[in-house]
Amino acid sequence: MQKFTTLTGIAAPMDRANVDTDAIIPKQYLKSIKRSGFGPNLFDSWRYLDHGEPGMDHSRRALNPDFVLNQPRYAGASVLLARVNFGCGSSREHAPWALMDYGFRVIIAPSYADIFYQNCLKNGLLPVVLDEDMVQRLFEEVYAQEGYRLSVDLGMQTITTPSGRNIHFDIDPFRKHCLINGLDEIALTLEHVDEIRAYEAQRRKEAPWLFHEARS
Amino acid sequence: MNGKTLYDKLWEAHVVRSNPDGTALIYIDRHLVHEVTSPQAFEGLRLAGRVPWRIDANLATADHNVPTTGRRQGITDPVSRLQVETLDQNCLDFGITEFAMNDPRQGIVHVIGPEQGATLPGMTVVCGDSHTSTHGAFGALAFGIGTSEVEHVLATQCLLMKKAKNMRVRVDGEIPFGVTAKDIVLAVIGHIGTAGGTGYAIEFAGSAIRSLSMEGRMTVCNMAIEAGARAGLIAVDDKTVDYFHGRPYAPSEQQWDRAQTVWRSLHSDEDAVFDREIGVNAGTIPPQVTWGTSPEMVVAIDDRVPDPAREADATRRASMRGALEYMGLVPGTPMHDIAIDKVFIGSCTNSRIEDLRAAAAVVKGRRIARNVKLAMVVPGSGLVKAQAEREGLDKVFTGAGFEWREPGCSMCLAMNADHLEPGERCASTSNRNFEGRQGAGGRTHLVSPAMAAAAGIAGHFVDVRNWR
């Protein structure tokens with residue numbers, strides 16, 4: 001996993017509630033068997049005027065000028081400001097892959113769908129939760145000031161605004177540790193091989209029917 | 001000390017190791033695998049030089065990409081074909097049982113799990129698909145995971161998790177004629193909202209839930225995720241136990257008594273305390289139809305398209321306006337007056353035999369309306385399809401002008417060739433009405449199988465309670 005420690009970058013506003021993972025990365029791109037290359041298709045159906053399909057040269061497609069990320073002031077954004085229940089719907093990890101491939105490393109929202117939130121943490125994409133009023137204030141500031149940049153420090157658990165205001169955020173200590181060190185969670189779990197084996201042996205004894213092959 | 005909820009019991013039975021920070025390593029009994037969310041996980045496994053922890057815990061099938069016609073000719077779309085072939089190859093390489101595209105047992109992963117008895121009460125069941133909540137209908141702890149977690153389960157048979165909170169949704173009272181499990185769960189989502197269950201495992205309880213068949217209970221748990229809950233749960237009763245007799249992966253005769261004794265303990269204790277409780281009277285629920293682009297945007301069939309001007313909250317008002325624009329609807333329009341272009345009966349929500357019977361009963365001896373360009377029935381599995389054909393349902397559907405297709409996810413998410421064209425309006429028995437879900441620019445209205453069938457015959461939404 002890609003490490004996350006600190007970042008300063010342009011913030012872009014995604015001003016709608018319940019943004020679902022179908023919108024973040026439409027299904028036609030899920031046919032890929034790779035983890036990379038989803039960036040050009042992030043928010044594909046909002047971002048382009050035509051209908052996109054895998055294999056197209058996306059750099060030649062007509063952009064929707066009304067879509068927020070196509071506005072020059074948000075070019076190169078790495079912090080996405082979002083509304084409630086961001087990432088709801090499908091479990092597709094292609095959603096955080098697409099956000100990261102596009103260049104986002106931080107999302108700030110009042111709430112996330114559970115699966116999406118977990119998927120972000122496993123990819124080095126930091127999902128920050130702030131209360132709704134605070135997020136609203138950030139939206140207002142982003143709209144008011146072109147080139148609005150936020151600094152995010154995971155170690156300190158702070159977001160700093162251009163005026164120097166520090167906003168604290170909470171994050172699970174274990175997740176923070178994994179993000180800062182870019183840890184491989186599977187390797188961590190495999191440190192407990194003996195405990196897994198012991199559990200499994202006990203379970204096999206107590207519920208042997210869970211270990212069946214199919215009977216024809 | 002308070003009693004335990006069903007979720008508490010299932011969680012505690014699977015803790016391999018508890019950490020001081022409140023996380024726990026949870027053992028996974030069953031891992032269901034499909035072609036879309038697994039290739040990168042298998043690749044990760046190979047790159048790290050790891051092997052699957054327990055081969056027999058995995059069961060795979062191809063469902064999202066598979067065509068529903070002309071299957072003997074293979075998959076035309078080369079990108080889809082590669083993804084399905086990648087699953088075939090991964091299963092072959094690692095020795096995982098797969099019901100491949102032309103296997104008679106192939107189907108939607110959430111239909112075949114229970115059908116095979118590969119989902120059992122008391123299990124933890126995961127799959128790289130959010131609708132894994134379906135399997136909670138059997139008193140299993142079942143939830144969707146991302147691809148990193150798919151790889152984690154393959155490699156370790158475990159997941160590192162934090163326990164969710166407990167919510168109970170009690171649905172009591174008699175379910176009126178023409179109202180189904182789908183209407184109940186849509187009404188619940190309309191009530192608590194699409195994030196109402198976020199952070200919770202939802203147990204559905206009450207006399208109305210008890211009265212549902214296992215198929216109906218699966219429909220309810222399937223859509224727990226549309227209320228934001230990763231897991232939906234229903235306690236084990238006689239119906240649950242009886243469901244598994246004779247299924248291929250179910251306990252043998254010798255183990256049956258022991259197994260069912262364990263299963264029957266899978267219910268919340270009388271004195272269990274829930275973090276949140278909701279009560280719903282089934283007797284007051286009419287058939288439901290969604291009008292917007294989120295499952296919470298739902299009204300009764302005898303209601304009208306709502307007016308954003310009456311919504312006080314600015315963010316919600318903006319969402320409603322956006323949804324109405326996308327859906328091409330005007331506030332105040334009676335739901336009855338909304339004409340449709342296509343009908344889709346299928347998906348992991350409503351493609352089981354009971355769903356097909358309910359739809360067939362409505363269309364029998366009738367004909368789809370002239371304005372309906374396509375009405376299709378996509379059974380949830382090869383076995384559901386065969387059962388329906390034994391009952392003659394295929395003839396009922398084709399006689400009414402419906403197409404009778406091969407099993408798969410099909411137009412629920414339109415990863416295969418089945419999709420809506422821009423602007424087309426669909427009465428769909430699936431689970432998500434998101435923008436573009438059934439095809440770019442397509443407009444989805446979520447309904448029960450009987451309501452979808454009736455809309456196909458009438459050409460617009462109608463109240464199936466008045467169906468003659």
Side-chain angles (χ1 to χ4, degrees), chain A residues 15-18 20 22-23 26-28 30-35 45 51 54-55 83-85 88-94 96 111-116 118-119 122-123 172-174 184-190 192-193 195-196 198-200 203 206-216, chain B residues 16-17 21 23 25 27 29 36-37 39-40 48 50 56 65 79-80 82-83 86 97 116 120 122-123 128-130 144-149 151-152 155-158 160 162 194-195 198-199 228 230 248-249 251-252 255 259 262 294 315-316 318-319 322 413-415 432 434-437 440:
Chain A
D15 202 348
R16 31 196 301 174
N18 301 318
D20 58 74
D22 276 76
K27 71 289 196 115
Q28 62 269 35
L30 309 191
K31 297 175 188 176
S32 167
I33 57 170
K34 298 185 191 146
R35 270 174 199 267
S45 46
H51 173 71
R83 297 288 187 184
V84 289
N85 199 29
C88 61
S90 153
S91 68
R92 58 189 70 168
E93 200 158 314
H94 313 68
S111 60
Y112 301 87
D114 288 336
I115 305 177
F116 175 80
Q118 292 301 325
N119 284 342
K122 290 173 199 300
N123 286 279
D172 178 80
F174 174 74
D184 171 5
E185 204 184 293
I186 294 176
L188 292 179
T189 298
L190 289 174
H192 306 295
V193 161
E195 282 162 280
I196 303 172
Y199 174 92
E200 201 166 48
R203 189 143 184 84
E206 284 168 5
W209 57 88
L210 297 178
F211 294 78
H212 275 168
E213 293 287 345
R215 293 169 292 116
S216 48
Chain B
V16 171
R17 175 195 159 81
D21 65 1
T23 58
L25 206 55
Y27 188 80
D29 295 308
V36 179
T37 53
Q40 298 88 349
R50 294 175 177 135
D56 69 350
N65 277 275
V79 195
S80 286
L82 176 63
Q83 195 166 54
T86 302
T97 302
Q116 293 293 321
L120 291 171
M123 272 184 166
D129 190 285
S130 60
I145 56 178
T147 298
S148 293
E149 289 180 314
E151 187 180 339
H152 197 282
T156 71
Q157 212 53 48
C158 292
L160 186 69
K162 204 161 216 167
T194 188
T198 303
R230 258 179 118 167
Y249 285 81
S252 62
Q255 290 170 339
V262 173
S294 164
T315 305
R316 289 179 68 91
S319 297
L413 86 167
M415 271 189 83
R432 289 188 176 135
F434 298 157
E435 284 186 22
R437 172 81 178 180

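None of the values given here were measured: they were computed from a predicted structure. Residue numbers begin at 1 in each chain, while the letters A, B, ... track the order of the sequences.
For chain A, the option among B/Gly144, B/Gly436, B/Ala259 with the highest count of heavy-atom pairs below 4.5 Å is B/Ala259. Counting heavy-atom pairs under 4.5 Å between each of B/Leu82, B/Thr37, B/Thr97, B/Thr194 and chain A puts B/Thr194 at the top. Ranked by non-hydrogen atom pairs under 4.5 Å with chain A, the options B/Ala318, B/Ser319, B/Gly146 are led by B/Gly146. Comparing B/Leu25, B/Leu120, B/Val262 by heavy-atom pairs within less than 4.5 Å of chain A, the highest count is held by B/Leu25.
At a 4.5 Å heavy-atom cutoff, the contact between B/Ala155 and chain A is made by backbone and side-chain atoms alike. Proximity to chain A is absent for every atom of B/Arg316, based on heavy atoms less than 4.5 angstrom apart. B/Gln157 touches chain A through its side chain: at least one heavy atom from C-beta onward sits under 4.5 Å away, while N, CA, C and O do not. With a 4.5 angstrom heavy-atom cutoff, B/Asn65 touches chain A only via side-chain atoms. Interface residue B/Arg432: only side-chain heavy atoms are found under 4.5 Å from chain A. Using a 4.5 Å cut-off between heavy atoms, B/Thr86 touches chain A through its side chain atoms alone.
Using a 4.0 Å cut-off between a side-chain N of Lys or Arg and a carboxylate O of Asp or Glu, A/Arg92 and A/Asp22 qualify as a salt bridge.
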Given the rule in the side chain to side chain contact (heavy atoms under 4.5 Å, CB included) test, do B/His152 and A/Lys122 qualify, once you have shown the distances and angles that lead to the verdict? CA-CA 11 Å; B/His152 197 282; A/Lys122 290 173 199 300; over 6 Å; no

Evaluate side chain to side chain contact (heavy atoms under 4.5 Å, CB included) for A/Arg35 paired with B/Ser148, printing each intermediate quantity in order. CA-CA 11 Å; A/Arg35 270 174 199 267; B/Ser148 293; 4.2 Å; yes

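Heavy atoms from other residues, nucleotides or ligands lying under 6.0 Å from CZ of A/Arg203 number more than 12.
Put simply, the side chain of A/Lys31 gets close to the backbone of B/Met415: a donor and an acceptor are under 3.5 Å apart.
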